[in-house]
Amino acid sequence: MTDTAQAPQMPRLNEPAPAFDAPTTDGRKTLADYKGKWLVLFSHPADFTPVCTTEFIGFAKRQDEFAAMNTALLGLSIDSVHSHIAWMLNIKQNFGVEIGFPIIADLSMKVAQSYGMIQPGASDTAAVRATFIIDPEGVLRAMVYYPMNAGRSVDEIYRLLVALQTADQNKCAMPENWKPGDQVIVPPPATPEAAKARAGEGYNTVDWYFSTRSL
């Protein structure tokens, strides 16, 4: 017997994110609606489940911080709009937390399939905990996958977003677990003159290949 299961379609970093046009709890949304903003698109296995509820509460509590970074949040699961709305009301009633961002109702699994959210090794009908960071030009800049039984870290998603924006603005790279105020890695100087000049510009020169500075 041959295995006929197809590998999930996977988007690729630094290429246009897969376009979508889908119903949500805030009307139809398309990827084009978010042009000019960063977007955090994240999937969850199912409404009303305990781990997913903790994640949505975590995102909702940080929504203002994401908004301050010109970033919108957009959830997704393979549930209906009616189920999403009932779940949002349940979270408000039981935890006092307002879910202020829309949730895609992806009953057709079209969006989930295009983003590789369906992993056959986990489930053929439910999305894993996938997170995608899309820049204001609609380019996919980062993606993080978690299994169904381990909730993702909203702190890490926010840290990654800030790191990406900082790297873009300052033409630098970030070391392990970088946070605002930490040192960053800047490109090596292209000429001996530039290397000599760098020593007087407040950089901490570690070796010839990279230097660091604080932002």
Side-chain angles (χ1 to χ4, degrees), residues 3-13 15-35 37-63 66 71-95 97-134 138-152 154 157:
D3 184 3
T4 59
Q6 293 184 344
Q9 178 180 342
M10 300 294 291
R12 295 192 291 191
L13 294 179
E15 293 188 359
F20 59 82
D21 182 343
T24 78
T25 52
D26 190 29
R28 296 199 73 85
K29 295 290 183 182
T30 69
L31 180 60
D33 292 333
Y34 295 95
K35 186 173 179 60
K37 285 183 172 289
W38 290 76
L39 174 65
V40 174
L41 170 64
F42 61 99
S43 61
H44 62 282
D47 296 345
F48 291 97
T49 53
V51 177
C52 299
T53 298
T54 63
E55 290 183 327
F56 266 64
I57 290 172
F59 274 116
K61 287 182 174 179
R62 303 289 294 276
Q63 186 171 357
F66 281 100
T71 302
L73 301 175
L74 180 61
L76 178 149
S77 77
I78 301 169
D79 291 292
S80 69
V81 167
H82 303 295
S83 175
H84 288 338
I85 292 173
W87 185 37
M88 293 166 69
L89 294 175
N90 181 271
I91 292 174
K92 174 66 174 177
Q93 178 179 353
N94 289 292
F95 300 98
V97 176
E98 190 88 39
I99 304 299
F101 51 84
I103 310 171
I104 291 175
D106 194 28
L107 290 173
S108 69
M109 297 193 289
K110 184 177 180 180
V111 181
Q113 294 285 7
S114 69
Y115 277 85
M117 297 171 177
I118 306 296
Q119 299 283 314
S123 174
D124 292 327
T125 58
V128 296
R129 304 182 194 282
T131 307
F132 304 88
I133 299 180
I134 301 168
V139 175
L140 178 60
R141 301 294 300 279
M143 51 186 176
V144 184
Y145 285 76
Y146 286 75
M148 292 183 174
N149 59 357
R152 80 200 89 196
V154 177
I157 301 305

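- Put simply, the side chain of L31 reaches to within 4.5 Å of the side chain of L39, judged on heavy atoms.
- N149 is linked by a side-chain hydrogen bond (donor to acceptor under 3.5 Å, both in side chains) to nothing, counting only residues two or more places apart in sequence or in another chain.
- Residues satisfying the side-chain hydrogen bond (donor to acceptor under 3.5 Å, both in side chains) test with E15, not counting sequence neighbours, are R12.
- Under the 4.5 Å side-chain criterion, counting only non-hydrogen atoms from C-beta, V40 is not in contact with F132.
- In terms of the side chain to side chain contact (heavy atoms under 4.5 Å, CB included) criterion, residue partners of M88 (sequence neighbours excluded) are, by chain and number, T25, I99, I103.
- Side-chain atoms of L13 and M143, non-hydrogen and from C-beta on, do get closer than 4.5 Å to each other.
- Of all heavy-atom pairs between S114 and V111, the closest is OG-O, 2.8 Å.
- Remark: the backbone N or O of N90 is paired with a side-chain donor or acceptor of N94 at under 3.5 angstrom.
- Here the side chains of M10 and Y115 are not in contact, with every heavy-atom distance at 4.5 Å or above.
- Qualifying ring-ring contact (aromatic ring centres under 6.0 Å, His included) partners for F95, counting only residues two or more places apart in sequence or in other chains: none.
- Here the closest heavy-atom approach between residue Y34 and residue T30 is recorded as CD1-O, 3.4 Å.
- Across all their heavy atoms, M148 and P45 have their closest contact at CG-CG, 3.9 Å.
- Shown here are the side-chain hydrogen bond (donor to acceptor under 3.5 Å, both in side chains) partners of K110, two or more places apart in sequence or in another chain: there are none.
- R141 meets the salt bridge (charged side-chain N to carboxylate O under 4.0 Å, His left out) test with D135, D168; sequence neighbours excluded.
- In this structure, I134 and V139 have side chains that are not in contact, with every pair of non-hydrogen atoms separated by 4.5 Å or more.
- With hydrogens and angles disregarded, a donor-acceptor distance shorter than 3.5 Å links the side chain of S43 to the backbone of V128.
- Shown here are the side-chain hydrogen bond (donor to acceptor under 3.5 Å, both in side chains) partners of R129, two or more places apart in sequence or in another chain: E55.
- Within the 4.5 Å cutoff, the side chain of M117 has no heavy atoms near those of the F42 side chain.
- Residues forming a salt bridge (charged side-chain N to carboxylate O under 4.0 Å, His left out) with K61 (at least two apart in sequence, or on another chain): none.
- Summarising the geometry, atom NZ belonging to K29 is positioned 10.0 Å from atom CD1 belonging to I104; distances are rounded to the nearest 0.5 Å.
- Residues satisfying the side chain to side chain contact (heavy atoms under 4.5 Å, CB included) test with R62, not counting sequence neighbours, are E65, F66, V154, D155, Y158.
- Sorted by first and then second residue, the side-chain hydrogen bond (donor to acceptor under 3.5 Å, both in side chains) pairs with a member in residues 72-84 read H44-S77, D47-S77, D47-S83, D47-H84, S77-D79; sequence neighbours excluded.
- Each of L76, D106, L74 was scored for a side-chain contact (heavy atoms from CB on, under 4.5 Å) with F20, with one residue passing: L74.
- Taking both residues in full, the closest heavy atoms of T54 and V51 are given as OG1-O, 2.6 Å, listed atom of the first, atom of the second, then distance.
- Residue pairs meeting the salt bridge (Lys or Arg N to Asp or Glu O under 4.0 Å) criterion with at least one partner in residues 83-95, sequence neighbours excluded, are K92-E98.
- When the salt bridge (charged side-chain N to carboxylate O under 4.0 Å, His left out) test is applied to D33, no partner is found at least two apart in sequence or on another chain.
- If you take OG1 on T131 and CD1 on I157, they are separated by 4.0 Å, rounding to the nearest 0.5 Å.
- For A60 against V97, the heavy-atom pair with the smallest separation is CB-CG1, 3.6 Å.
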